[in-house]
Amino acid sequence: MNIYAMESGKRELVACDDIRPGVWINLENPSDLEIEKVCSATGIPEDMIKAALDEEERAHIDLDDEYTLIVIDIPIITEEKDTYVYSTLPLAMVFSDKYFVTVCLRETSVLGEFVNNAVRNFDVNKHTRFIYQILYVNATKFLSCLKMIDRTASRTQQSLHRALKNTELIKLLDLDKALVYFSTSLNANQIVIDRIKQLSAIKHYEDDNDLLDDVIIENKQAIEMASIHREVLSGTMDAFASVISNNQNIVMKLLTAITILLTIPTLISSLWGMNVVVPLAGNPYAFWIIVGVIAAILVPVVIIMIRKHMF
């Protein structure tokens with residue numbers, strides 16, 4: 001649990017220890033004791049605080065007599081071995097005239113922008129603008145993740161040209177799954193944004209209209225990018241599945257050709273290697289005659305295979 005307030009006379013966020021009107025309370029995977037402390041000090045219903053602690057919680061808005069709950073989906077990047085895993089988590093914003101509380105299961109770069117004073121014109125006491133700014137930063141984070149996914153997909157596609165195994169294809173499948181999560185979350189966030197515009201419980205100010213328009217534009221752009229990347233990636237996966245199969249067929253064809261060429265001399269030499277009387281058994285030039293016969297058979301076979309593009 002971290003508590004922040006605006007420093008007197010400055011537009012900078014500073015940490016504080018006590019919960020009082022006008023503060024921003026940021027909860028990251030809070031304990032039951034921390035949740036109880038916040039609820040007791042602010043009067044916020046406990047179920048609103050716990051809304052974002054369910055990984056499957058959908059994006060929505062919930063209204064109480066005094067408090068408003070907004071749940072949105074945010075992008076999360078997890079590093080595993082030599083790759084990144086992309087997913088989404090719910091982020092809850094619970095606020096009233098006096099308090100603003102954010103809740104998430106883990107630390108997120110979306111709120112990190114505000115903690116580090118990296119957002120212009122940010123003021124904890126202006127709740128409507130704070131909500132819009134969180135939505136805007138969240139949309140830009142989605143766009144950034146989508147660009148990373150696109151670059152990763154491009155690198156994977158380059159190695160797929162030579163691939164015989166499914167490793168690269170599985171990587172693309174993981175990226176496709178991430179795009180499904182992103183697309184679903186972005187569409188759910190758009191529904192929330194559209195409802196925020198019509199919600200009378202949230203005070204709308206004319207000075208923030210441009211920011212809200214930017215939020216809508218960025219989120220819709222992220223939706224379009226996710227949709228485009230999904231279509232491209234889906235077509236790429238289908239194409240390269242055929243490429244992998246074709247590469248395997250080429251290898252098998254080459255191995256078959258080599259096997260045929262090895263079988264001919266093996267068969268002939270096996271016949272003359274039997275412990276029985278065979279033609280040319282007493283001929284001093286028998287070995288060279290047999291080698292010549294093998295060569296005479298192999299030459300036309302090789303020519304035929306080359307014409308059939310078996311090499």
Side-chain angles (χ1 to χ4, degrees), residues 1-6 13 19 21-30 34-35 37-39 41-76 88-116 118-119 121-142 185-186 188-205 208 211-212 214-216 218-219:
M1 180 175 67
N2 297 297
I3 306 171
Y4 302 99
M6 301 305 294
L13 200 67
I19 299 176
V23 298
W24 165 31
I25 305 168
N26 183 30
L27 300 174
E28 297 169 356
N29 194 20
E34 289 172 331
I35 293 175
K37 181 179 178 180
V38 172
C39 292
T42 62
I44 297 175
E46 189 173 312
D47 60 331
M48 282 190 169
I49 297 291
K50 291 184 175 180
L53 301 182
D54 180 7
E55 293 186 7
E56 305 300 326
E57 185 74 15
R58 59 181 178 83
H60 68 281
I61 298 177
D62 193 9
L63 302 176
D64 200 353
D65 294 336
E66 186 179 353
Y67 298 94
T68 302
L69 166 67
I70 300 176
V71 179
I72 61 172
D73 289 324
I74 60 172
I76 295 295
T88 60
L89 276 180
L91 168 67
M93 294 172 275
V94 188
F95 60 94
S96 65
D97 292 336
K98 297 180 179 179
Y99 303 100
F100 197 100
V101 181
T102 54
V103 190
C104 192
L105 274 171
R106 56 179 284 183
E107 183 180 359
T108 166
S109 60
V110 174
L111 298 180
E113 298 283 331
F114 298 91
V115 175
N116 297 325
V119 180
N121 300 323
F122 167 56
D123 191 339
V124 167
N125 299 297
K126 297 181 178 180
H127 293 173
T128 302
R129 180 179 297 178
F130 193 7
I131 294 168
Y132 292 168
Q133 288 172 326
I134 289 177
L135 292 171
Y136 181 82
V137 172
N138 187 47
T140 59
K141 293 295 181 183
F142 267 111
S185 297
L186 285 166
N189 287 350
Q190 186 61 44
I191 294 173
V192 169
I193 293 170
D194 291 339
R195 191 179 175 201
I196 287 175
K197 291 175 60 179
Q198 305 169 354
L199 204 61
S200 59
I202 299 177
K203 297 178 181 179
H204 300 280
Y205 301 94
D208 298 326
L211 179 57
L212 180 58
D214 290 340
V215 170
I216 295 172
E218 289 293 309
N219 199 74

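Note that the structure is a prediction, hence the values are computed from the model and not measured.
Put simply, the side chain of N189 gets close to the backbone of D73: a donor and an acceptor are under 3.5 Å apart. Panel note: side chain N116, backbone A118; no donor-acceptor pair is recorded below 3.5 Å. Although no hydrogens or angles enter the test, the distance criterion places no donor-acceptor pair under 3.5 Å between the side chain of D64 and the main chain of E66. Put simply, the side chain of H127 never gets that close to the backbone of D97: no donor and acceptor are under 3.5 Å apart. Listed for the Q133 side chain is a donor-acceptor partner under 3.5 Å among the backbone atoms of N121.
Nearest heavy atoms, I74 versus C104: CD1-SG, 3.8 Å. For L13 against V115, the heavy-atom pair with the smallest separation is CD2-CA, 4.0 Å. Considering all non-hydrogen atoms of both residues, D54 and P90 come closest at O-CG, 3.2 Å. V124 and F130 make their closest contact through O-CD2, 4.5 Å (heavy atoms, listed as atom of the first residue, atom of the second, distance). Closest of all the heavy-atom pairs between F122 and M6 is O-CE, 3.5 Å. A41 and Y99 get closest at one heavy-atom pair: O-OH, 3.7 Å.
For the atom pair M48 CE and I35 CD1, the distance stands at 14.5 Å (nearest 0.5 Å). To the nearest 0.5 Å, atoms CZ (F95) and OG1 (T102) are separated by 12.5 Å. Taken from CG in L135 to CG in D214, the straight-line distance is 12.0 Å, to the nearest 0.5 Å. Atom CD1 in I196 sits 12.5 Å away from atom CD1 in I191 (nearest 0.5 Å). Annotation: the span from I70 atom CD1 to I134 atom CD1 amounts to 9.0 Å, rounded to 0.5 Å. Remark: N26 CG to M1 CE distance equals 10.5 Å, nearest 0.5 Å.
Residues L53 and P30 form a side-chain contact, since some pair of their non-hydrogen atoms from C-beta on lies under 4.5 Å apart. Here the side chains of V101 and Y67 are not in contact, with every heavy-atom distance at 4.5 Å or above. With contacts defined as side-chain heavy-atom distances shorter than 4.5 Å, the pair V192/I61 qualifies. Side-chain contact between N2 and Y4 is present, with at least one heavy-atom pair separated by less than 4.5 Å. Using a 4.5 Å cut-off on side-chain heavy atoms (C-beta onward), P75 and N138 make contact. Looking only at side-chain heavy atoms (C-beta outward), N29 and E107 stay at 4.5 Å or farther from each other.
Screening V103, V94, I49, V38 for a side-chain contact (heavy atoms from CB on, under 4.5 Å) involving I25 leaves a single residue, V38. Considering E46, E34, K50 in turn, E46 is the only one that fulfils the side-chain contact (heavy atoms from CB on, under 4.5 Å) rule with C39.
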Worked check of side-chain contact (heavy atoms from CB on, under 4.5 Å) between T140 and E218: CA-CA 7 Å; T140 59; E218 289 293 309; 3.8 Å; yes
Steps toward side-chain contact (heavy atoms from CB on, under 4.5 Å) verdict (I216, K197): CA-CA 10 Å; I216 295 172; K197 291 175 60 179; 3.6 Å; yes
Trace of the side-chain contact (heavy atoms from CB on, under 4.5 Å) decision for V71 with R58: CA-CA 7 Å; V71 179; R58 59 181 178 83; over 6 Å; no
Worked check of side-chain contact (heavy atoms from CB on, under 4.5 Å) between D123 and R129: CA-CA 8 Å; D123 191 339; R129 180 179 297 178; 5.7 Å; no
